[in-house]
Protein chains: 2
Amino acid sequence: MNSQSIENYLKVIFNQAIATDEVNTTGIAQALEVSLPSVNSMVKKLAGMGLLEYQKYKPLKITEKGRQMAARIIRKHRLTEMYLVEKMGFGWEEVHDIAEQLEHVQSAAFFDRMDELLGYPQRDPHGSPIPNKNGQIATQEYQSLADCRPGEQVELKALSHTSDEFLKYLNSKDLKLGIKVEILEVEAFDRNMKVAYGGHQEVLSALVCSKLLVS
Amino acid sequence: MNSQSIENYLKVIFNQAIATDEVNTTGIAQALEVSLPSVNSMVKKLAGMGLLEYQKYKPLKITEKGRQMAARIIRKHRLTEMYLVEKMGFGWEEVHDIAEQLEHVQSAAFFDRMDELLGYPQRDPHGSPIPNKNGQIATQEYQSLADCRPGEQVELKALSHTSDEFLKYLNSKDLKLGIKVEILEVEAFDRNMKVAYGGHQEVLSALVCSKLLVS
DNA sequence: TTAAATAGTTAGCATAGACTAACAAATTTA
DNA sequence: TAAATTTGTTAGTCTATGCTAACTATTTAA
Ligand SMILES: [Mn+2]
Ligand SMILES: [Mn+2]
Ligand SMILES: [Mn+2]
Ligand SMILES: [Mn+2]
């Protein structure tokens with residue numbers, strides 16, 4: 001069985017591969033808050049396990065085997081988050097740290113039961129897709145709210161950033177997944193957006209808009 | 001934060017202290033399936049943390065601090081087992097291995113929520129008491145079925161042994177907690193018992209009877 | 001296109017937690 | 001009670017995973 005450490009590395013590498021395709025040592029070190037030499041030795045180990053392709057000084061590439069293994073861990077993470085929100089009444093800002101631990105539990109039955117009780121959800125509470133048991137994952141086809149034009153009416157589908165602070169900010173503005181948002185105005189200077197949704201009218205910063213994924 | 005290893009040692013020591021008051025190195029080694037020197041060095045570490053009293057060649061004694069810490073882990077274990085059975089539909093023979101992992105999750109909110117959703121249960125699916133948040137634990141005041149006499153009518157309250165095989169055996173005989181059992185006959189030679197309960201009439205071996213706790 | 005900055009690597013070390021081999025103390029058995 | 005057995009301890013080793021310091025390769029800026 002792989003250690004929690006290995007699983008956490010692999011997950012970070014997988015996520016960085018999605019974002020940039022080219023994964024580098026420094027990015028992993030920052031994401032995991034470990035030193036560069038620690039990453040270097042773990043990367044060699046993962047390569048030895050056939051999960052990465054590693055050549056000195058070259059960007060890292062995750063293998064298909066690595067991708068699948070990572071996706072299965074992410075599956076457990078996201079199912080857990082969904083379960084905590086839907087079945088245990090937690091807020092979407094409370095679940096990540098718990099899921100970060102539960103994702104390492106070794107018990108197919110446990111996660112399969114969550115999946116079943118949830119009715120086989122496709123997305124987690126933050127709108128990210130839940131990989132299937134084979135490690136296949138739907139690609140996000142949403143655009144950023146920041147790329148929308150005045151007059152458009154869109155639906156909030158997912159978040160591209162899920163820090164506690166951001167989620168609490170969204171709570172404070174009653175911004176939830178599924179709400180319909182109308183873009184009223186875009187300020188040319190700073191790209192701030194005036195939007196209307198569910199009885200609210202708010203001005204959202206360009207930073208916030210860039211993290212909101214809509215369709 | 002204490003490691004999973006430390007927590008598992010402490011739990012074993014706590015349980016042995018309940019059973020015998022005198023805890024010895026060999027017993028811990030057997031329970032955890034590790035070598036004697038491994039236990040010896042961990043025991044010194046736990047003593048250094050103030051969780052045990054250790055003197056060379058003397059039986060170990062768990063401290064009040066150690067007892068409380070152990071009971072809090074056991075609380076998480078037993079709440080988890082109860083949650084898995086009551087809220088997720090697992091059988092009592094399926095939950096121990098999952099709880100063995102979940103008991104190490106660091107999140108008071110997670111276990112408090114389980115507790116709340118379960119309605120603050122006093123006992124786990126095997127009838128063992130669930131310690132409270134301060135590490136206080138009710139003492140079992142049940143007697144073994146093996147100590148009962150013919151003609152007595154008792155209620156099955158808990159198990160003093162909870163291996164998968166034993167639980168599956170109980171499943172096969174429809175023996176569940178809460179059922180009323182009448183002792184019909186005790187065979188003098190081997191102490192086998194003929195009992196009746198819920199439409200069943202069975203002969204239970206002395207070994208089985210010794211593991212069934214009743215009131 | 002050289003110099004500076006950044007990124008990646010290696011060597012060496014630390015800690016946690018496991019192990020075996022060798023030995024010592026305590027207990028049991030003859 | 002002396003011998004045999006069991007129990008506990010010490011010393012030394014190993015693997016996993018981290019670290020810092022020193023160095024090298026690559027990339028960026030002057
Ligand atoms: Mn998460
Ligand atoms: Mn994790
Ligand atoms: Mn258990
Ligand atoms: Mn455990």
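Every chain is numbered from 1, with letters handed out A, B, ... down the list of sequences. Fair warning: this is a prediction, and the values are worked out from it, not measured in the lab.
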Exercise. With a cut-off of 6.0 Å (strictly less than), are more than 12 heavy atoms of other residues, nucleotides or ligands near CD of B:E141?
Worked result: yes

Problem set entry | Between D:dT17 (C1') and A:L32 (CG): distance, integer Å | 12 Å

Exercise. Contact class for A:S3 (heavy atom, under 4.0 Å): base, sugar-phosphate, or nothing?
Worked result: sugar-phosphate

Exercise. Is the phosphate of D:dG18, meaning OP1 or OP2, less than 4.0 Å from a side-chain N or O of A:Y9?
Worked result: yes

Exercise. Can a side chain N or O of B:N40 be found less than 4.0 Å away from OP1 or OP2 on D:dG8?
Worked result: no

Exercise. Charged N to carboxylate O below 4.0 Å: is that the case for A:E165 and A:K168?
Worked result: no

Exercise. Does A:S35 place a side-chain N or O at less than 4.0 Å from the phosphate oxygens OP1/OP2 of D:dT20?
Worked result: no

Problem set entry | Length of the CG-P vector between A:L10 and D:dT17, whole Å | 13 Å

Problem set entry | Where chain B begins and ends its contact with DNA chain C, read 5' to 3' at 4.0 Å from heavy atoms | C:dA16 to C:dA26

Problem set entry | From D:dG8, D:dT9, D:dC19, nucleotide with atom closest to B:K56 side chain | D:dT9

For this session: Give me the ring orientation class for B:W92 and B:H126: parallel if the planes are under 30° apart, tilted from 30 to 60°, perpendicular past 60°.
Result: parallel

For this session: Determine whether more than 12 heavy atoms belonging to other residues, nucleotides or ligands lie under 6.0 Å from atom CD of A:Q55.
Result: no

Exercise. Does OP1 or OP2 of D:dG8 have a side-chain N or O of B:T26 closer than 4.0 Å?
Worked result: yes

Exercise. Under the salt bridge (charged side-chain N to carboxylate O under 4.0 Å, His left out) test, which residues partner A:K11, sequence neighbours left out?
Worked result: A:E100, A:E103

Exercise. Which of residues 42-55 of chain B have a heavy atom under 4.0 Å from DNA chain C?
Worked result: B:M42, B:K45

For this session: Show your working on side-chain contact (heavy atoms from CB on, under 4.5 Å) between B:V39 and B:L32 and close with a plain yes or no.
Result: CA-CA 9 Å; B:V39 174; B:L32 289 170; 5.7 Å; no

For this session: Check step by step if side chain to side chain donor-acceptor pair (under 3.5 Å) holds for B:N2 and B:H104.
Result: CA-CA 9 Å; B:N2 295 320; B:H104 305 293; over 6 Å; no

Exercise. Rounded to the nearest Å, what distance is computed from the CG atom of residue B:L36 to the P atom of nucleotide D:dT10?
Worked result: 13 Å

Problem set entry | Residue from A:K133, A:R75, A:R78 passing salt bridge (charged side-chain N to carboxylate O under 4.0 Å, His left out) with A:D115 | A:R75

Problem set entry | First of A:Y57 and B:T25 reached from the 5' end of DNA chain D, by closest nucleotide | B:T25

Exercise. A:S38 side chain N/O closer than 4.0 Å to the phosphate oxygens (OP1, OP2) of D:dC19?
Worked result: yes

Exercise. Given that A:P37 and A:K58 both sit by DNA chain D, which one's nearest nucleotide is further toward the 5' end?
Worked result: A:P37

